[in-house]
Amino acid sequence: MPTMEEYSINELGGLITVCAGALATVLFALQKSSCTEISCCGCHCKRDPKLIKKNINPEGPDTPRPETKKTPTKP
């Protein structure tokens, strides 16, 4: 098994760059998502995509949501 001394600083820098790029890609995809509940790698988040979209582009339309059927409640 190779030790840390066998890797050059360029290889270590490349590894860090690739890992940071992968993490940035996942975060960007989560930011652009219109999901209200997100679960990824053991982390859970509930959010309102309309507020996020409004902060990114205040003039843009609201994020469309799927329609859900409401059952009538009995008094």
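- Between the CG atom of Leu15 and the CG atom of Asn10 there is a distance of 12.5 Å, given to the nearest 0.5 Å.
- For the atom pair CD1 of Ile9 and CD1 of Ile16, the computed distance is 7.5 Å after rounding to the nearest 0.5 Å.
- With sequence neighbours left out, Glu37 forms a side chain to side chain contact (heavy atoms under 4.5 Å, CB included) with Lys46.
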